[in-house]
Amino acid sequence: MAIFPPQTRIWWNEPVAKAELVWISVAFLWGLIMFFMMIYWHIYGQQNLSTQVGRIDPAVFEQRTNEFAEKFKVRDEGDTGVPVVRPPPGGDAYMLARTFDWWPVLELEKGKPYKLHISSVDLQHGFSLLPINMNIQVHPGLEHIITITPTEAGTYGVVCNEYCGLGHHQMTGRIYVVEPGQGG
Amino acid sequence: MSTAATESDYIGRLATKFRTCPATGLKVDLAAERLIKANAVAAVVFLMIGGTFGLLVALTRWPAVHLLSSDMFYLVLTAHGLDVLLLWIIFFEMAILYFASAVILSSRIAAPRWGWVGFALMVVGGLMTNVAVLQGDSSVMFTSYVPLKAQPHFYLGLILFAVGALIGCFIFLGTLVIAKEEKTYEGSIPLVTFGALTACIIAVFTIASGAIILIPTFLWSVGYIANIDTLTYKLVWWAMGHSSQQINVSAHVAIWYLIAAVTVGAKPLSEKVSRTAFLLYIFFLQLASAHHLLVEPGLSSEWKIVNTSYMMYLAVLGSMIHGMTVPGSIEAAQRKSGYTRGVFEWLRKAPWGNPAFAGMFLSLVMFGFLGGISGVILGTEQLNIMMHNTLYVPGHFHATVVTGTTLAFMAATYLIVPLIFQRQIIWPKLARLQPYLFGLGAAGISVFMMGAGTLGVARRHWDITFPASDVILPYGYPPIASLMMGLNGLSAILAAIGGALYIAITVGSILFGKKVDATNAVASLGPMPKKIVHEAVTKYGDAGTWHLPGTYVLVGLFFTTFILYYFVNWKYLSELWPMQ
């Protein structure tokens, strides 16, 4: 019994039954498959986070986001005072996280790639793009640059899913995806 | 050895008072017994507090109920994580360490006074951090990611608690040394003690990581350090935070073997295989920090893949091995007792009316199917994009830590109360029900949170309805998300009833249970399967030449589920926006 010392003193020389060996081999192989699946997806899959990351002073990131918003602003979002910004397809888009909003609202064209720069100016935040459920961690001082290609037109929500203080649940943002040439 | 040392050794032996356990014949050091009792009682108290907080969290996240205000919600959520994930589990693990060393090896415990120092530090530390949270200025969640800042005594309490737990680990190791020197057992340590040793070694690593990150964070909170790097904090914090869950895995697997041994007389199929599986935990579980860093900027994919897979899933291999050897040893024992008909007579005729066995088996099945599989999916680099920080994460770890660890510890309590407190379980009929109530509730919590997580519902979030009065840019989750949160709330109520029953039965038994003596000792451990012997016994089922069709079916079912669910998630991932 497992509460008494092993019955055979030299237990490490006892043969292992075939059924156990079979299961250990199968489980080991399955582990290898799962391991190589991640590498396979890096080569052939479409959904991989970039490793293109740089250290950045939060103040610099804020300034770049402001410049970006000023340059490509197309309208205000209703009467909220938040600008809707439409970067050129293939270009850079910035989204800044701070307590408690995602800024600015972006308008992207369907099927076009964008270099999305995300960073925080204060605490850690969680970029959760809904309803497609794509989630990325955001750190102050680190700029995450991801090339994304929206596949369907519509209105997408951005929710913060890293707890960032008592107003955490108020921290939302928005991304519009429009058919090429429309919107604006 | 010097004369002085010999003398103190001699005094140590003389001063130790033992009793003989009437059920098992083991010699029990009374000093160890008192420490086990104290730690177990503290554990149950914190389970009661933390469990209540958990119920409040679930009732707030149920949109139709939405019980607490936002400030209170974040406060209570911080306290919930602290009290159950840390205090309940680690106090109980201290009791397990002392039990698995001193009691199982019939040895005197090393330095019992230090055991009380450790216990006091843990109590003071636990209370201090609780006070910090309840004062309201430290709602930083259990993870306390910098630069979110709590009050200094939040961190100080955690440090004191960790130091206390470290003392307990060294007492465990010291007791192993004493038992070996004084030859209280023959040959190698029993498998259960080996599992506890695994837990202890991982605990030392865990606590060291905790010290490395919490001490600077404490100094930062009082102003001696200007800045803590956010990524470094997370990397080292999770070397404590995730590795401490591996203490739980090792401890509750040891408990599975313990309960299987006591209730059905199971013996390990192969000592070598089971021990190697534990060894894999020691070698590879520490890499788990990466599970929390898969969608972080600033880390290479190579690093993420090697670490998140525990070096090619070798630690997962350990759990998959236990997943076969634990039910396998039960099946072998049952078949030996004569339950040899068909594929599953051994399982149908298992002592399901014994809460220790029922809790153990439910824990085994749910840890594997719900916690294990979801953990691997969550820990796959790219799949994590669909789940990071959604409710899928708490869904997963409630399956591992609640249906797995907590249920196993509850099951163990039904043996510890008669063996160590020497009291019979009061209300045996309710006790029979308890593991099922709690298990079902906890399974519901896990499944419905995972369901909500696949819809993108954020964890640690007060209000998922985003009313326009509160939010500038509202977003609406699909209505089924609210349904999931409602079902989660109902499951939490069920689990709370099961939990309250556990506490009432445990406390009631300790205070008012009938005394256990030589006449009723074995009966006090709950119903056990009778040995029946019929002709089939010679056909198969003897230990040594075992043949375990039932276990093969269960393992096959598990493996099929695993493979299907794994690839379904890759399918979902391929439908996301392309990103690189």
Side-chain angles (χ1 to χ4, degrees), chain A residues 1-6 9 11-12 14 16-17 19-20 23-24 27-28 31-32 34-35 38-39 41-42 45-51 53 80 82 101 123-124 126 128 130-137 139-140 142 144 146-151 157 159 161-163 166 169-170 172-174, chain B residues 70-71 74 104 141 145 147-148 185-188 190-192 230-231 257-258 261 267-273 295-298 300-301 305 309 312-313 316-317 320-321 324 380-382 385-386 388-390 456 458-463 466 470-473 475 555 573 576-580:
Chain A
M1 289 212 287
I3 53 172
F4 298 120
R9 210 165 160 140
W11 50 265
W12 52 89
E14 286 193 328
V16 176
E20 270 183 305
W23 174 235
I24 293 169
F28 177 70
L32 286 184
M34 293 194 296
F35 178 77
M38 290 190 277
I39 297 169
W41 201 261
H42 269 282
Q46 297 288 307
Q47 291 79 14
N48 291 289
L49 288 183
S50 95
T51 44
V53 173
T80 59
V82 183
D101 64 345
L123 305 170
Q124 288 187 46
S128 179
L130 297 165
I132 58 169
N133 201 6
M134 170 182 150
N135 307 285
I136 295 162
Q137 187 78 16
H139 284 255
L142 286 171
H144 211 152
I146 307 154
T147 305
I148 54 163
T149 311
T151 53
V159 167
N161 68 7
E162 182 60 75
Y163 174 73
L166 297 177
H169 49 274
Q170 296 168 339
T172 55
R174 190 168 285 172
Chain B
S70 62
D71 294 12
Y74 293 123
I104 288 190
M141 300 295 132
Y145 288 152
L148 216 55
Y185 63 96
E186 295 273 317
S188 305
L191 182 60
V192 170
T230 56
L231 198 55
Y257 282 112
L258 170 80
K267 82 191 236 319
L269 297 177
S270 154
E271 294 278 355
K272 181 159 64 175
V273 169
V295 297
E296 310 281 320
S300 74
S301 289
I305 290 175
S309 68
M312 303 193 185
Y313 294 99
V316 173
L317 179 63
M320 287 173 56
I321 292 173
M324 178 198 178
T380 304
E381 192 205 0
Q382 293 94 338
I385 298 170
M386 298 188 293
H388 176 75
N389 271 355
T390 66
R459 68 184 292 200
R460 297 172 165 178
H461 204 280
W462 174 61
D463 183 7
F466 304 106
D470 221 23
V471 179
I472 299 174
L473 301 166
Y475 171 76
V555 169
L573 180 76
L576 252 56
W577 291 0
M579 66 190 97
Q580 49 186 282

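Chain letters run A, B, ... following the sequence lines, proteins first, then strands; residues in each count from 1.
- Residue Tyr257(B) touches chain A through both its backbone and its side chain, counting heavy-atom pairs closer than 4.5 Å.
- A 6.0 Å sphere centred on CD1 of Ile472(B) holds no more than 12 heavy atoms belonging to other residues, nucleotides or ligands.
- Contact of the Phe28(A) side chain with the Met320(B) side chain is not registered, since no non-hydrogen atoms from C-beta on lie closer than 4.5 Å.
- Side-chain contact between Trp41(A) and Leu573(B) is present, with heavy atoms from C-beta onward closer than 4.5 Å.
- Ranked by non-hydrogen atom pairs under 4.5 Å with chain A, the options Thr380(B), Val273(B), Leu258(B) are led by Val273(B).
- Rounded to the nearest 0.5 Å, atoms CE (Met579(B)) and CD (Gln46(A)) are 10.0 Å apart.
- Heavy-atom distances place both the backbone and the side chain of Glu20(A) under 4.5 Å from chain B.
- Counting heavy atoms from C-beta on, the side chains of Glu162(A) and Arg460(B) come closer than 4.5 Å.
- Only the side chain of Ser128(A) comes within contact range of chain B, judged by heavy atoms closer than 4.5 Å.
- Taking Pro147(B), Ser309(B), Gly298(B) one by one and counting their heavy-atom pairs under 4.5 Å with chain A, the maximum is reached by Pro147(B).
- Taking the six-membered ring where tryptophan is involved, the planes of His461(B) and His169(A) are perpendicular, since the angle between them exceeds 60° and thus also 30°.
- Contact tally against chain B (heavy-atom pairs below 4.5 Å) for Gly157(A), Pro131(A), Ala2(A): the top residue is Ala2(A).
- The choice from Ile39(A), Leu32(A), Leu123(A) that makes the most heavy-atom pairs within less than 4.5 Å of chain B is Leu123(A).
- Across Tyr313(B) and Phe35(A), no two heavy atoms sit closer than the pair CE1-N, 3.5 Å.
- Between chain A and the residues Ala458(B), Ser300(B), Gly456(B), the largest count of heavy-atom pairs under 4.5 Å involves Gly456(B).
- Within the 3.5 Å criterion, the main-chain N or O of His388(B) finds a donor-acceptor partner in the side chain of Asn161(A).
- Note: His42(A) leads Gln170(A), His42(A), Arg9(A), Met134(A) in heavy-atom pairs under 4.5 Å with chain B.
- Between the side chain of Trp462(B) and the main chain of Leu166(A), no donor-acceptor pair closer than 3.5 Å is present.
- Heavy atoms closer than 4.5 Å to chain B are found in both the backbone and the side chain of Trp12(A).
- Using modelled atom types, one side-chain atom of Lys272(B) and one backbone atom of Glu14(A) make a donor-acceptor pair closer than 3.5 Å.
- At least one donor-acceptor pair closer than 3.5 Å links the side chain of Gln47(A) to the backbone N or O of Leu576(B).
- Between Pro5(A) and Pro190(B), the shortest heavy-atom contact is N-CG, 3.8 Å.
- Chain B forms more heavy-atom pairs under 4.5 Å with one residue of Gly126(A), Gly31(A), Ala27(A), Pro150(A) than with any other, namely Pro150(A).
- Between Leu49(A) and Val295(B), the closest side-chain pair of non-hydrogen atoms falls below 4.5 Å.
- Aromatic ring centres of His139(A) and Tyr145(B) lie farther apart than the 6.0 Å criterion allows.
- Put simply, the side chain of Gln137(A) never gets that close to the backbone of Pro297(B): no donor and acceptor are under 3.5 Å apart.
- Options Val159(A), Thr172(A), Leu130(A) differ in how many heavy-atom pairs under 4.5 Å they form with chain B, and the most are formed by Leu130(A).
- Top candidate by heavy-atom pairs under 4.5 Å with chain B, chosen from Thr80(A), Thr149(A), Ile148(A), Thr151(A), is Thr149(A).
- For chain A, the option among Leu191(B), Val555(B), Ile104(B), Leu473(B) with the highest count of heavy-atom pairs below 4.5 Å is Leu473(B).
- Ranked by heavy-atom pairs under 4.5 Å with chain A, the first of Glu381(B), Arg459(B), Glu296(B) is Glu296(B).
- The closest side-chain heavy-atom distance from Ile24(A) to Met324(B) is not below 4.5 Å.
- The shortest side-chain heavy-atom distance between Asn389(B) and Asn135(A) does not fall under the 4.5 Å cut-off.
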